[in-house]
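Hydrogens, waters and symmetry mates play no part in the numbers below; they use all other heavy atoms, side chains included.
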Amino acid sequence: MRLSFCFLLVLLSLLGPAVGDLEAVTPGLSTTSFLQPDFTPSFISGSRSGSSFSTRSSSGSGTQSFSNFTGSKDDHGTCMCSVTLPDTTFPVERVERLEFTAHILSEKFQKELSKVKEYVHLISIYEKKLVNLTVRVEIMEKDSISYTELDFELIKLEVKEMEKLIIRLKDGFSGSSEIVDQLEVEIRNMTLLVEKLETLDRNNVLAIRRNVLALKNKLKECEASKSENTPVVPPAPAPGTCAHGGVVNISRPFVVQLNWRGFSYKYGAWGRDYSPENPDKGLYWVAPLNTDGRLLEYYQLHNTMDDLQLYRYAKQYRITYGQGGGTAVYKNNMYVNWYNTGNIAKVNLTTNAVSVTQNLPYAAYNNRFSYANVGWQDIDLAVDESGLWVIYSTESSTGNIVISKLNDTTLLVLNTWHTKQYKPSVSNAFMVCGVLYATRTLNTRTEEIFYYYDTNTGKEGRLSIVMQKMQENVQSINYHPFDQKLFVYNDGYLLNYDLIFKQEPH
């Protein structure tokens with residue numbers, strides 16, 4: 001670079017008048033702006049031993065000598081000389097930087113221009129797709145011929161694909177995205193329109209197909225239930241009668257809801273009032289115990305199952321003497337174990353007043369012989385087709401179950417039966433047509449009705465009827481003769497079961 005520039009200087013000295021003419025053409029350009037002032041190049045001078053260079057002054061009125069110099073020879077005999085230029089130098093480095101910057105800007109411009117061309121091409125493709133989808137949707141909207149679910153699914157897939165592409169386009173687009181935003185809005189509108197069309201299926205083809213699919217699933221469930229020891233259900237006996245041979249099976253649980261006081265109230269009881277005079281018009285009652293699992297303080301009444309499930313039109317009452325979850329309701333009266341005693345109290349549901357209290361002779365209480373996994377239920381009251389019963393133990397029975405039939409008016413014991421089944425090994429019990437049925441826990445999701453005692457014949461024996469449950473512990477079981485259902489309180493949840501009876505031979 002230095003050698004070539006020296007050659008340029010020699011050329012300038014030879015063409016002095018031309019340089020002056022150049023300065024005349026560009027009067028605003030100063031010679032000091034061309035080269036750096038201390039630039040000292042070396043060049044080969046030929047056979048001259050000394051000389052001087054001159055050029056016109058910047059005003060064009062005369063010439064100016066660059067410098068006088070003396071040459072010298074190196075070891076090889078080559079003549080060398082140095083030239084010191086005046087301050088009027090050419091800015092070579094600035095020009096080079098300017099040229100480099102211009103090159104970079106040109107490359108960036110070409111790159112951005114190619115991106116814009118690509119985006120314009122993609123936008124034109126998306127616009128064509130949108131037009132195509134719009135036409136197809138309009139045809140489906142106006143056509144009287146039924147369309148299938150596959151049509152909707154194909155369009156949905158295409159719309160989703162366009163949504164993904166538009167998101168990628170937005171991420172890679174720098175600058176004004178007005179067109180891209182507009183495309184995104186149109187795609188969203190298209191999605192909403194397809195969903196709306198699907199709900200307006202004129203010939204209900206989709207709805208019918210889904211109903212058919214649901215029916216097929218139900219049929220599969222019915223077939224699967226055969227392998228789960230669920231027999232064909234025989235005709236149910238007349239409500240409130242005992243024209244059957246006893247309980248032979250039980251349905252799956254139907255979860256009504258969580259009790260009205262919440263999940264923390266795991267202990268309690270619930271059911272439906274039974275009156276032989278008005279068997280189908282009983283109130284629904286829910287009686288959760290306090291969180292100590294012992295005190296029955298509040299209960300609610302509902303006229304219908306719908307009211308109970310919707311937590312509406314409830315009548316709430318407070319008592320301060322109920323103990324345990326052995327509560328039963330019969331003929332608009334609630335029967336409870338009186339707190340901290342072996343007494344039974346009869347509470348009128350209309351007035352919430354105690355009408356009768358009576359001691360249960362020799363009954364153990366206060367967790368002496370309660371059920372397994374359930375405390376404070378030494379005295380368990382029950383209702384069946386024939387009336388009011390109590391299930392308990394005595395010291396003389398050594399903890400085995402004792403069954404007594406009560407007068408529901410006076411609470412006096414009418415008759416008593418002694419069994420050979422130890423009460424604390426039973427998880428709960430209920431009465432149906434004078435027969436005691438006892439349950440036990442198999443695991444956290446299964447109970448088994450494993451024992452029965454028939455007060456009509458004095459016979460007792462073993463059963464094996466599997467009873468599924470939602471939570472681990474069963475706190476109480478109440479039977480309703482007219483509905484022929486069990487009302488089970490399961491760790492705070494209210495469950496229903498349908499009982500299946502053995503058919504009596506004609």
Exercise for the section: Tell me whether the centres of the aromatic rings in Trp270 and Trp260 are closer together than 6.0 Å. Expected result: no
Handout entry: Check: Tyr317 ring centre within less than 6.0 Å of Tyr299 ring centre
Key = yes
Exercise for the section: Give a yes/no verdict on a cation-pi contact between Lys485 and Phe487, requiring under 6.0 Å between NZ or CZ and the six-membered ring centre and an angle within 45° of the axis. Expected result: no
Practice task
Determine the sole option in Asn366, Asp378, Asn343 for which the side-chain hydrogen bond (donor to acceptor under 3.5 Å, both in side chains) test with Gln323 is passed.
Solution key: Asn366
Distance only, no hydrogens: is a donor on one side chain within 3.5 Å (strictly under) of an acceptor on the other, for [X] and [Y]?
X	Y	answer
Ser427	Glu447	yes
Glu448	Ser464	yes
Asp380	Tyr371	yes
Glu385	Tyr479	yes
Thr304	Asp307	yes

Handout entry: Side-chain (Ser393) to main-chain (Lys423) donor-acceptor, under 3.5 angstrom
Key = no
Problem - Identified side chain to side chain contact (heavy atoms under 4.5 Å, CB included) counterpart of Phe430 within the set Val383, Leu436, Leu486 - result: Leu486
Fill in the blank from the handout: Output for pair (Leu296 CG, Leu289 CG), nearest 0.5 Å, gives 6.0 Å
Problem - Beyond-backbone contact of His244 with Lys502, side-chain heavy atoms, under 4.5 angstrom - result: no
Problem - Side-chain ion pair, Asp483 and Arg272, N-O less than 4.0 Å - result: yes
